[in-house]
Amino acid sequence: MREGYEGTGPGAITPDGCAVELYARLPVYDEPDIIASAVPAGAHVLELGCGVGRVTHALLERGFTVTAVDESAEMLERVRGARTVRGAIETLDLGERFDVVMLGSFLVHAGDAAVRRGMLEVCRSHVADGGCVLIQREGEDYHTDLPRERVDPSGFTVRMLSAEPVGDGVNSVRAEYEFPDAVWTQTFLARPLGKEQFEEALAEAGLVVDAYLTEDRVWVRAVPAVPART
């Protein structure tokens, strides 16, 4: 387990505190529709941090080709129909480029700024000319509107319990997922990034926002920055 990360509950727990059995239960929301509306039909997607394939499988059903990357072998065992690659996102080097590179699950908010930079540089180095990078950001009140609770229609309750500062602009975030037959918790480190900070982080990696895809600016389409004219 990484320092600052923890997970509890039944089944395997990944180094960042994610419970494999929990993620296997979580439903798909509107992510596939947002992605499909933002990229060409049938595109080859490099999905960074695919987990158990919750979004992967929905993209495959929509006719996309997916290369799915995760550091957890237990997560990748649940992925079906996609090429899978096990490895850390921030050091990935496939020697290939893709129509779409996707960094979901709020991974851009990694507590370690060096890890975040590595992830975004991997996005930039793996996107094809004319391609795009899709990134999922935290909502503006993610760390402040706490505690909060949401009852999912599928029958479980998710609670965001706290976000406590631990230094250097990083918060320790604690979440709880309660099902009728099991409870999981996850504690992880996250760095809030406002719009300006987020765009600065993209620029460091040679990326620029092409469009905010949702009204809350949670989903973003970025593209390689155009080289300055001399």
Participant: Quick check against the 3.5 Å criterion: does Gln186 have a side-chain atom that pairs as donor or acceptor with the backbone of Asp16?
Facilitator: yes
Participant: Kindly indicate whether the side chain of Val69, heavy atoms from C-beta on, has any atom under 4.5 Å from the side chain of Glu47.
Facilitator: no
Participant: Any chance you could measure Arg83, atom CZ, to Thr67, atom OG1, to the nearest 0.5 Å?
Facilitator: 4.5 Å
Participant: Looking only at heavy atoms, which two atoms of Gly155 and Pro180 are closest? And how far apart?
Facilitator: O-CD, 3.5 Å
Participant: Does Arg25 count as lying over the ring of Phe156, i.e. NZ or CZ under 6.0 Å from the six-ring centre, within 45 degrees of the axis?
Facilitator: no
Participant: In terms of hydrophobic clustering (I, L, V, M, F, W, Y; side-chain heavy atoms under 4.5 Å; direct or indirect links), are Val166 and Leu146 co-clustered?
Facilitator: yes
Participant: So, taking the atom named CD in Glu71 and the one named CZ in Arg2, what distance separates them when rounded to the nearest 0.5 Å?
Facilitator: 4.0 Å
Participant: Closest approach of Ala82 and Leu60, non-hydrogen atoms and distance?
Facilitator: N-CD1, 4.0 Å
Participant: Can you list the steps and then say if Ile34 with Thr214 is a side-chain contact (heavy atoms from CB on, under 4.5 Å)?
Facilitator: CA-CA 8 Å; Ile34 293 170; Thr214 53; 3.7 Å; yes
Participant: How are the rings of Phe179 and Trp184 set to each other: parallel, tilted or perpendicular (split at 30° and 60°)?
Facilitator: perpendicular
Participant: Contact between Cys18 and Met75 at the side-chain level, heavy atoms closer than 4.5 Å - yes or no?
Facilitator: yes
Participant: Does a donor on one side chain and an acceptor on the other come within less than 3.5 Å for His143 and Glu138?
Facilitator: yes
Participant: Roughly how far apart are Glu90 CD and Leu120 CG, rounded to 0.5 Å?
Facilitator: 11.5 Å
Participant: Answer yes or no: is there a side-chain heavy-atom contact under 4.5 Å between Asp152 and Pro27?
Facilitator: yes
Participant: Output the distance between atom CD (Glu149) and atom CE (Met160), rounded to the nearest 0.5 Å.
Facilitator: 12.5 Å
Participant: Taking a hydrophobic cluster as the set of Ile, Leu, Val, Met, Phe, Trp and Tyr residues connected by side-chain heavy atoms closer than 4.5 Å, whether directly or through intermediates, do Val45 and Phe98 fall within one such cluster?
Facilitator: no
Participant: Quick check: does any side chain N or O of Arg148 sit under 3.5 Å from a backbone N or O of Tyr142, one acting as donor and the other as acceptor?
Facilitator: yes
Participant: So, the side chain of Ser162 versus the backbone of Glu164: is there a donor-acceptor pair under 3.5 Å, distance only?
Facilitator: no
Participant: Taking all atoms of both residues into account, what is the closest heavy-atom pair of Ile89 and Val122, and its distance?
Facilitator: O-CG2, 3.2 Å
Participant: What I'd like to find out is whether the side chain of His109 reaches to under 4.5 Å of the side chain of Leu193, using heavy atoms alone.
Facilitator: yes
Participant: Is the shortest side-chain heavy-atom distance between Arg137 and Phe106 below 4.5 Å?
Facilitator: no
Participant: Any side-chain heavy atom of Leu59 within less than 4.5 Å of one from Met102?
Facilitator: yes
Participant: Is it the case that the side chain of Arg78 and the backbone of Val52 share a donor-acceptor pair, with hydrogens and angles ignored and the cut-off at 3.5 Å?
Facilitator: no
Participant: With a 4.5 Å cut-off on side-chain heavy atoms, are Phe198 and Val209 touching?
Facilitator: yes
Participant: Would Val20 and Leu22 show up in the same hydrophobic cluster when neighbours are defined by side-chain heavy atoms closer than 4.5 Å?
Facilitator: yes
Participant: Stepwise, does the side chain to side chain donor-acceptor pair (under 3.5 Å) test hold for His44 with Asp99?
Facilitator: CA-CA 5 Å; His44 191 170; Asp99 304 319; 5.8 Å; no
Participant: Shortest non-hydrogen contact from Ile13 to Ala19?
Facilitator: CD1-CB, 3.6 Å
Participant: Grouping I, L, V, M, F, W and Y whenever their side-chain heavy atoms are under 4.5 Å apart, do Val115 and Val170 come out in a common cluster?
Facilitator: no
Participant: Kindly determine whether Leu103 and Met119 satisfy side-chain contact (heavy atoms from CB on, under 4.5 Å), including the steps that lead there.
Facilitator: CA-CA 8 Å; Leu103 185 68; Met119 288 180 175; 4.3 Å; yes
Participant: Are Val101 and Leu134 close enough that some pair of their side-chain heavy atoms sits under 4.5 Å apart?
Facilitator: no
Participant: Could you tell me which non-hydrogen atom of Arg174 sits nearest to which non-hydrogen atom of Thr187, and how far apart they are?
Facilitator: NH1-OG1, 3.3 Å
Participant: Between Leu107 and Leu48, is the side-chain contact (heavy atoms from CB on, under 4.5 Å) condition met? List the steps.
Facilitator: CA-CA 9 Å; Leu107 291 172; Leu48 302 173; 5.5 Å; no
Participant: Give a yes or no on whether the backbone of Arg80 and the side-chain of His57 come within a donor-acceptor separation of less than 3.5 Å.
Facilitator: yes
Participant: Ion pair present between Asp112 and Arg191, side-chain N to carboxylate O less than 4.0 angstrom?
Facilitator: no
Participant: Is a side-chain N or O of Glu31 found less than 3.5 angstrom from the main chain of Tyr29, in a donor-acceptor match?
Facilitator: yes
Participant: Please tell me whether Tyr5 and Phe188 form a close aromatic pair, meaning their ring centres lie under 6.0 Å apart.
Facilitator: no
Participant: Once you round to the nearest 0.5 Å, how far does CZ of Arg62 lie from CD1 of Ile35?
Facilitator: 8.5 Å
Participant: Provide the closest heavy-atom pair for Arg54 versus Leu26 in the form atom of the first, atom of the second, distance.
Facilitator: CD-O, 3.3 Å
Participant: Could you tell me whether the side chain of Gln197 and the main chain of Gly194 form a donor-acceptor pair under 3.5 Å?
Facilitator: yes
Participant: At what distance, to the nearest 0.5 angstrom, does CG of Leu207 lie from CG of Asp210?
Facilitator: 11.0 Å
Participant: Hydrophobic clusters here meaning ILVMFWY residues chained together by side-chain heavy-atom distances under 4.5 Å, can you tell me if Tyr177 and Val183 are in one?
Facilitator: no
Participant: Is the backbone of Ala38 close enough, under 3.5 Å, to the side chain of Arg221 for a donor and an acceptor to pair up by distance?
Facilitator: yes
Participant: Please check this pair: side chain of Gln136 against backbone of Ser105, looking for a donor-acceptor N/O pair closer than 3.5 Å.
Facilitator: yes
Participant: Keeping Arg159 on the side-chain end and Ala175 on the backbone end, is there a donor-acceptor pair under 3.5 Å?
Facilitator: no
Participant: Could you walk me through whether Val39 and Cys132 pass the side-chain contact (heavy atoms from CB on, under 4.5 Å) check?
Facilitator: CA-CA 8 Å; Val39 303; Cys132 65; 3.8 Å; yes
